[in-house]
Structures are given as structure tokens and as C-alpha cells.
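What follows is one structure encoded as C-alpha cells, with my remarks underneath.
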Number of protein chains: 4
Amino acid sequence: MHQNSVAGGHGRNGNGKRPPGRPRSEHARLAILRSTLKLLQENGFSEFTIEEVAERAAVGKATVYRWWPNKGALIADAFANSATPNLHFPDTGWIDKDMSQQMRQLVRVFSGPQGRIVSAILGAGQSDPELIEAFRERFLKPRRREAYTTLRRAIVRGELRRDVDPDLLLDSLYGPIYMRFLIRHDRLTPEFVDRLCALVLAGARPRHKSGSRARRARPRPPKPRH
Amino acid sequence: MHQNSVAGGHGRNGNGKRPPGRPRSEHARLAILRSTLKLLQENGFSEFTIEEVAERAAVGKATVYRWWPNKGALIADAFANSATPNLHFPDTGWIDKDMSQQMRQLVRVFSGPQGRIVSAILGAGQSDPELIEAFRERFLKPRRREAYTTLRRAIVRGELRRDVDPDLLLDSLYGPIYMRFLIRHDRLTPEFVDRLCALVLAGARPRHKSGSRARRARPRPPKPRH
Amino acid sequence: MHQNSVAGGHGRNGNGKRPPGRPRSEHARLAILRSTLKLLQENGFSEFTIEEVAERAAVGKATVYRWWPNKGALIADAFANSATPNLHFPDTGWIDKDMSQQMRQLVRVFSGPQGRIVSAILGAGQSDPELIEAFRERFLKPRRREAYTTLRRAIVRGELRRDVDPDLLLDSLYGPIYMRFLIRHDRLTPEFVDRLCALVLAGARPRHKSGSRARRARPRPPKPRH
Amino acid sequence: MHQNSVAGGHGRNGNGKRPPGRPRSEHARLAILRSTLKLLQENGFSEFTIEEVAERAAVGKATVYRWWPNKGALIADAFANSATPNLHFPDTGWIDKDMSQQMRQLVRVFSGPQGRIVSAILGAGQSDPELIEAFRERFLKPRRREAYTTLRRAIVRGELRRDVDPDLLLDSLYGPIYMRFLIRHDRLTPEFVDRLCALVLAGARPRHKSGSRARRARPRPPKPRH
DNA sequence: CAATAATCGAGACGGTACGTCACGTCTTCTT
DNA sequence: AAGAAGACGTGACGTACCGTCTCGATTATTG
């Protein structure tokens, strides 16, 4: 089977022993990943060619195929190992602010050169399950985990209903962004993000009971932004 | 330029006069569009081949290229001319019901064989603007127009705020469906649709003023479902 | 079967009656033959296309195919109907002069724009028996017939042996010209023609018996050149 | 530029060093050349297809195009590398015999399956200068060189005039053969060859001076036939 | 230090689909 | 019935990448 370059297709193996033979060239690996990303954001997926990746990386085609079984795996790996943009959640003390700030960052990334790559991955992923899985595991889930924490804080603060379904809520917040990003039927602006947050979070707030204002119960000071 | 087969690449033109020469074969056109859809839903986009489309349609490759400049245009046209699924909006008298019924239908379509085609279009569309535009114009927009009407009725009935942004609201309702459909990180069930509706529409309801229940003001009987 | 345009695919038939329907367009026929020759001498055979013949003649492709079954027949017909160059034999009274003058003319034709056409016909004829036959019947044989007469005169005059094989002699005279024309290994000059004539005719002269000089017996004055 | 497979498109280059990369497959090269000849002699040029050459040779089409830029180059190369038929000149001591024996062999080759190939080359060569040049360089010239030697011997023996133009003489001998071969207006028989030889060589013999019979001066014994 | 072994670059290999072109036939309306 | 126009099915063209392979050269560990 093909070695995943992250799991250690090179260097010492579990035994602490290096296998015989010439070790894998780290330089080649990086050059390949770099040219993969560059090519992807220049040309999109439809003109993405392993032949050109190899040429730009000044690497033999076989070296690419030795370590990545197909385009999808290569792109997924390149994307996963790319400098993941700063998409962490702040802790402002208000769920609206926490969410909208992070979502604005996401929109900014989607609008920049990295967006081209994400769009290529999601596009090509429609006919390559591995690719879309890589996106979920390496991009979506890590952020989801952070988001869960953020939501939990808001529940504790009483900003959200205790019985809110976090996945439903997060899909409701991010789904519209992905939809506009992929279908491009409308603009992806910070204002859109704010109004989206306001709309969706409004539906997730506790039923107001007289005398118990949710916002008042703020148990602890916010952490500084990450 | 290539004639769009919908805009009348065949038959009489505006002058009521037929152009000279052998007229375009309607039979070939239909066979091509049919085999395009079939092939797409069998094999997905990555193995979609004009060569095989032509062969299955018992048509020369050149005939395909004569009328569609590339894969994207062909797929877009085939999709547009396909028996568009019954995705109309009911008029039950309640916005929650109207929306969730239509959205359940959409989910059902996405889960069926047609879903494969939609996914192929949105996927390939990420590197083919024409294709994604075709999806917007021929699939999304017609449904949006119906949706506006449905929303307007709800506003009139007092179920939704007068100042609600219909595009924001619709993206909030449909975005999560598209997201789950494309990223496949979670299941697309009718229950999900219902809870999604409930969550989002809750945020779009008028602020409750004491003594004026919105629901009471129901001015007219609902039309039977379409 | 296809009508040969020479044998009267148009006009009155044997009965003196015109067939019903629109008569064949003489204008189209000529335009086709003209553009055939022109195209052939511009581009050679390998890029000769019926499609372009029809276009240049402002004629439907089907009109070409209606009257000529294939490229070969068209080219052969065009060549046959072309203004055949003046390649007649003079009657100077001396066989050497008669032959070399005619052969010089032939070389001149081969070197000019018509040569391109002849070369195309002989070239394409190698894989199209009809074409090479057309060349024989319409070009070679008529000239051969004239040549026989010329040779006979020379025999009568005593310039050639009585038992000379005319076909052998003529092939010996013309073969080298065709060879240089087709293989292009050496130049086709008037001097070459003269020396060729001298060499070959020398071998066909009667054995000199002392006292009987062939040249002396000149029975009649030469006809003026044709 | 395309490497000529003869000049060394494979194997070590002048430096004694092999170029980097996988070396050219000798097996593929030979298979291609073989199927080229076979196809040519089966179908003639007009149905000669690179697609079928590749298929019969069990080779990718691209491999053919990698080494030969077009049909002409491929055919020329295949012809040149083909087992050149035994067409050497004997040394019988008499020029008539030397020539007629070799010319009979040539006629035999032209009449056999190889003739089909020669005719295809000369035919296609009319619209492909490279092809006709290949014929000249690889077929005609080598034989011409041998012929010069044969003629020189005859001159030394006094069978031919000292001032005879060898090219003129050889064209006069071979031209008629090529003409009958290409135009097919008459049969190519051994008898024709003999009478042709007799006719042409008669014109190249020295002027008979009384008392000095050319034939008598035979300086050396003939070499056995090659 | 030599032998062994896996990697590297380069690039040729057998394939497949591409998009184009001309073939020879057909179907329409016009003359 | 023949004309121009032009679409039709067919099949070869020459190109681009696919993923595999075979080279010599390189770079490590092992004996």
C-alpha cells in the first residue's frame, strides 16, 4: 500500500530503525506538495495534471506515484499539510461575536487564493470520496471541535438553549456560507455573515422567561482572543 | 458560435423561415441529452466521456461537438432539459409546513438518482463557470421565485417579520441541505429538515407583542397543495 | 452508375429527348472542374479535398458526388478536359528533330504548373487504378498514336530499322523523362532531351551498309509544323 | 526534432554515454517497421493508417508519433531498413549481360510484393518530398553507385564509348522500366528488359573503326556473380 | 571499503479520450 | 429533377495525460 506521507513514509519507523536503501527525499516531498497547491490555485482542478506537478517540482513522475496513489490523495495531503489559515474561535463572552468573527475569517479565506483550493477539493470530491473525506477530517472536523466548545460556553452562559443540537446549529450557520461559496448565486460579505448569525442564533436562544435575562448571568471573564 | 439547443438551434427561426440545409436532427439531440444524463448518473463526472455519450446515443462524436462546445455545456443543457422534479411549494397556510414539505422533497431528490447528477454538476461547476451558472439559472432561480411568493404569503399572514431578507432566509434554510449534500458529514433526513426549519424560521418570526398573536390574523383559506 | 460528364450527363440523350426535371447545370460542372485543377496544382494531391473543391466552386458537395463517384474520377475528368497543352509532333523530315522537339515540349509542360497536376495524377494513381487508367487513355495514348505516325515516317525514310518495336522505342525515349520527373534525381533540361534522343535513336538506326546511306532517300517534303 | 531511427534515436550516443531516461524500445521500433511494410503491401498507401500500424505492432499510437513525424517518414524508414532485395550487378564480362541480369532482377522485385511498396512510396512521394528523397538516397543511389562501376568496367573493356554520360545511359535503361511499372501501359517482362538493353546499349557503343574490334580487347577475367 | 538496497531524475512505454477534419450520404427548401 | 446548404454517422488524425516501466546515478545501511 501507499505510505501516507504524514504518517511517516520516511524517517525512522516504529522500531527506531531506518529501513535499508536510500531514504525518502524530504525535499522532493515538499516540492511536490508545494507545486500541487500552487498549480491548483492557478488553474483549478480541471487542468490539474500530475505531469505538471512533477515538472514544476523538478521531480520524476514516478516519485509522485510512489507516494500518492492518485490525484485525490495528493491534493488531500497537500491541502492538509498546507499552512492552515487562522480560523480559531475567539472567546469574547458573546456567542454572536464569537461566531461571526470566526465566520468572517472563513469567508475571507474562501475569498482569497486558498478559496480556489477549497473549491477545487469540494468540486473534485464530488467524484472522489477520499477527497471529500480528507476535507471533512482535516478541515471541517478540527474546526467543529473548537466550535462545540464555543457553543458549550454559550449554553453555560445561558445564551443558547440547553437542548440545542450543535450540529444542526453549526450547519445552519455554515451551510449558507458554503452554499454561496459553491453556487455563487450571491455575495459572501461580512455583513451577510453578521445577519446570518443574528438570524440563526435568534432561533437558538432560550425562551425568554420574565425576570431571567440570559445575558446577565456571565460567570467568568472571557479568554483573550486566540 | 455554438447554438444553444434550447434557444432554438433547430426548427424555424424568428422569421418563421427555416435556414437552408438539412435541419438539425431532433432525434439525435434527444438521444444525446438522454445518454448524457444516464451516463452521468451511472458513472459520475470523472468517468463521463463524450466518446461514450456519442456511442450510446448512436451518434457521431462530431454531432455532439457541433452543438455543445464542451462537456460542461452538454451537461448543463441535459440537466436543464431533464424532467425537472416536482419541487413546488404547497400552500398549507403555515410557513413551517410549506417550507419543510418542499425541502423534504428536495432532500428526496438529492438522495435519489437525480442527486448524482446534481452533485456532478456542482462538482464540475467548481472549475467550469458556465456549468454552475446553468445550475443557478435553470434550477435554483426558478425555485427561488416560487419561494419568494411563499415567503410573501407568510409575511402577509404575519408569520414572518416584514423586514426579513428573503435571500438570507432562504440561504439559511437551504444552505445546510446543500452543505450536507456536498460534504456528506452528516445525514440528510426529513427530521433534519424539520428541525432546520424550526430553528431558522424561529429567528425570522415577528417579535411577539403582548396581545397580538401573529397566527391569529389568517386572512384567507389556504390553496390546496399543488 | 455515375454519368461521365463527358459522355453527356446533361443535354439531350440518344432519343433526342431531354429527361424531365431541372437539367444539369453546365456552370456548376465547369466550376467544379476548374477548381479541381486549381486546387490540385496549388496543394498537390495529399491536401486535395472534395470539400474544398465544392466550396471554391460555390457548389454543394452532393453535386460533386452526383456526377463523379470519387476523387480519382473527378481528377481524371478534370485533367482530361483541361486545355491539353500543345504536344503535337512536328514533321521536320528528321526523326531526331521530330522527337526532340516534341519531347522538349513535354518537359516544358512537366516543369510548369501543369506538371504538378500530372505528378498528382501519377502519384495518386498508384493507389487508384481508375486514375492511372484515365491518364493512359486520355493523355498517353493519344500522343502515342501521333508518335506511331512519326515513327512510321522515319521508317519509310530509312532513318529507323524496319523491325523496330515502336512501343519499346517510345518507352526508351519517354521513360527517362518520366523517371526524372517522378523521382527528381536529376534535372530535366532540353539538353538532356537532345542527348537522350541521340542515344536511343542511335540504337534504332538501320545497320549501315556501305553505299546505302539512309538519309539520302528522302521521298517527300516535310509538312509544316502543326 | 524527431530522431531518425537509423541515425541512432536509441542506444549510446556519440559520447559513448546513454542519455537519461528509459531507453527506446528496440522491440517496439522493429514491430512498427515490420507492420508498416506489411500493411503497405497488403493495402497500398491510400488505406495505410498509422492507427492500424500501431495496433498491429501492439504499440501505442504515441510511440509511433514520438519517433516518426508523419506517414512519409515512417514509410521511408521502413523501406530503407527493409531487407533490401538482392539487386547487385554481376560481372559477366559483357555489359549487356551485366545490365540485363540486374534489370531482370529489378523487374522481378517490382512484380512481387515489394513492388507494391515501391509503388506506394513513389506514389505518395509525389506529394511528400521527404519520401521521394528517401527513395533516392536509400534505394536509387546505392544501386547507381554499383552501376557506375559496372559501366566503367565496360568502358575499360571498350564495350562503351569513353565519353558516354553514365547518368544519361542509366536513366535510359531504367526509365522505361519505371515508366511501365508506374503507368502500367505495357507488360514488364524479361524479354522487354533484354530488348531494351540491346536497343539502348547499341547507341552507346564506340563507333566501329575498321580493324579495331572493341570486343576483342578483354583485359581480365570476369569476377563470379555477386 | 565493498556490497546491498531503495530512492531519485528522466523519459519511453501501452493506453484512452480528446477535439478536429474530411469522408460520402442524407434531408430540407429553392430553382 | 437538380441545385445549394448543411447536418448526419464514421473513422483517422495528431495531442495530452494516464499510470507503469526501465534506465543510470545517488545515498543510505550492512557486512
Side-chain angles (χ1 to χ4, degrees), chain A residues 10 17-25 27-28 47-52 54-55 57-67 69-71, chain B residues 9-10 17-25 27-29 47-52 54-55 57-67 69-71, chain C residues 9-10 18-25 27-28 47-52 54-55 57-67 69-71, chain D residues 9-10 17-25 27-29 47-52 54-55 57-67 69-71:
Chain A
H10 54 96
K17 274 206 168 189
R18 186 195 286 272
R22 179 174 177 174
R24 174 169 182 187
S25 158
H27 176 266
E47 306 185 40
F48 177 83
T49 280
I50 293 216
E51 201 121 6
E52 194 170 356
E55 191 187 318
V59 139
K61 246 198 307 178
T63 300
V64 180
Y65 284 107
R66 192 174 357 254
W67 302 108
N70 50 52
K71 279 190 201 188
Chain B
H10 54 97
K17 272 209 166 188
R18 188 196 284 273
R22 178 177 179 171
R24 175 171 181 187
S25 159
H27 176 267
R29 188 183 135 258
E47 306 186 39
F48 177 82
T49 278
I50 292 211
E51 201 125 8
E52 195 171 357
E55 192 188 315
V59 140
K61 233 190 328 172
T63 301
V64 180
Y65 284 108
R66 194 174 356 257
W67 300 108
N70 50 53
K71 282 190 198 187
Chain C
H10 54 96
R18 186 194 288 273
R22 178 176 176 173
R24 175 171 180 188
S25 157
H27 176 267
E47 305 185 40
F48 176 83
T49 280
I50 293 215
E51 201 121 8
E52 194 170 357
E55 191 187 317
V59 140
K61 248 198 306 179
T63 301
V64 180
Y65 284 107
R66 193 176 350 258
W67 301 108
N70 50 51
K71 276 191 204 188
Chain D
H10 54 96
K17 271 206 165 190
R18 188 198 283 278
R22 179 176 178 171
R24 176 170 179 188
S25 159
H27 176 267
R29 188 184 136 258
E47 306 185 40
F48 177 83
T49 277
I50 292 213
E51 201 126 6
E52 195 171 357
E55 192 188 316
V59 139
K61 233 191 326 173
T63 299
V64 180
Y65 283 108
R66 198 180 345 263
W67 300 108
N70 50 54
K71 281 188 200 190

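Note on naming: letters A, B, ... go to the chains in the order of the sequence lines (proteins, then strands), and numbering restarts at 1 for each one. These numbers were taken from a predicted model, which means no experiment stands behind them.
As rounded to whole Å, 13 Å separates atom P of F/dT27 from atom NE2 of A/His27. F/dC18 atom P lies 12 Å from atom CD of A/Glu47, rounded to whole Å. The CD-P distance, from A/Glu55 to F/dA16, rounds to 12 Å in whole Å. In this entry the distance linking CZ of C/Phe48 with P of E/dG24 reads 11 Å, nearest Å. Between the CZ atom of D/Arg18 and the P atom of F/dT22 there is a distance of 13 Å, given to the nearest Å. Straight-line distance from the CD1 atom of A/Ile50 to the C1' atom of F/dC17: 10 Å, rounded to whole Å. Between the OH atom of A/Tyr65 and the P atom of E/dG11 there is a distance of 17 Å, rounded to whole Å.
Below the 3.5 angstrom threshold, one finds a donor paired with an acceptor across the side chain of B/Arg22 and the base of E/dC26. On a pure distance criterion of 3.5 Å, a polar donor-acceptor pair joins the side chain of A/Lys61 and the base of F/dG19.
For E/dG9, one of the phosphate oxygens OP1 or OP2 lies less than 4.0 angstrom from a side-chain nitrogen or oxygen of A/Thr63. Of the side-chain N and O atoms in B/Lys71, none sit less than 4.0 angstrom from OP1 or OP2 of E/dA17. OP1 or OP2 of F/dG3 sits under 4.0 Å from a side-chain N or O of C/Trp67. Phosphate proximity of E/dA6 to A/Arg24: absent, as no side-chain N or O sits under 4.0 Å from OP1 or OP2.
For the pair D/Glu52 and B/Ala28, nearest-nucleotide mapping onto DNA chain F gives the more 5' position to B/Ala28. Annotation: of the two residues near DNA chain F, C/Val59 and D/Pro20, the 5′-most nearest-nucleotide partner is C/Val59. With the nearest nucleotide of DNA chain E identified for both D/Ala57 and C/Thr49, D/Ala57 has the one nearer the 5' end.
In the set F/dC18, E/dT28, F/dA7, F/dA7 carries the atom at the smallest distance from any side-chain atom of B/Arg66. The side chain of D/Pro23 sits closest to F/dC23 out of F/dG14, F/dC23, E/dC18. Distances from the side chain of A/Glu51 to the nucleotides E/dG9, F/dC17, F/dC13 place F/dC17 closest.
Nucleic acid contact for A/Ala62: base, since at least one base atom lies under 4.0 Å from a heavy atom of the residue.
Distance NZ/C/Lys61 to CD/C/Glu55: 11.0 Å, rounded to 0.5 Å. The structure places CD1 of C/Ile50 at 7.0 Å from NZ of C/Lys71, a figure rounded to the nearest 0.5 Å.
A cation-pi geometry, defined here as NZ or CZ lying under 6.0 Å from the six-membered ring centre and within 45° of its normal, holds between D/Arg24 and D/Trp67.
Using modelled atom types, one side-chain atom of C/Ser25 and one backbone atom of C/Ala28 make a donor-acceptor pair closer than 3.5 Å.
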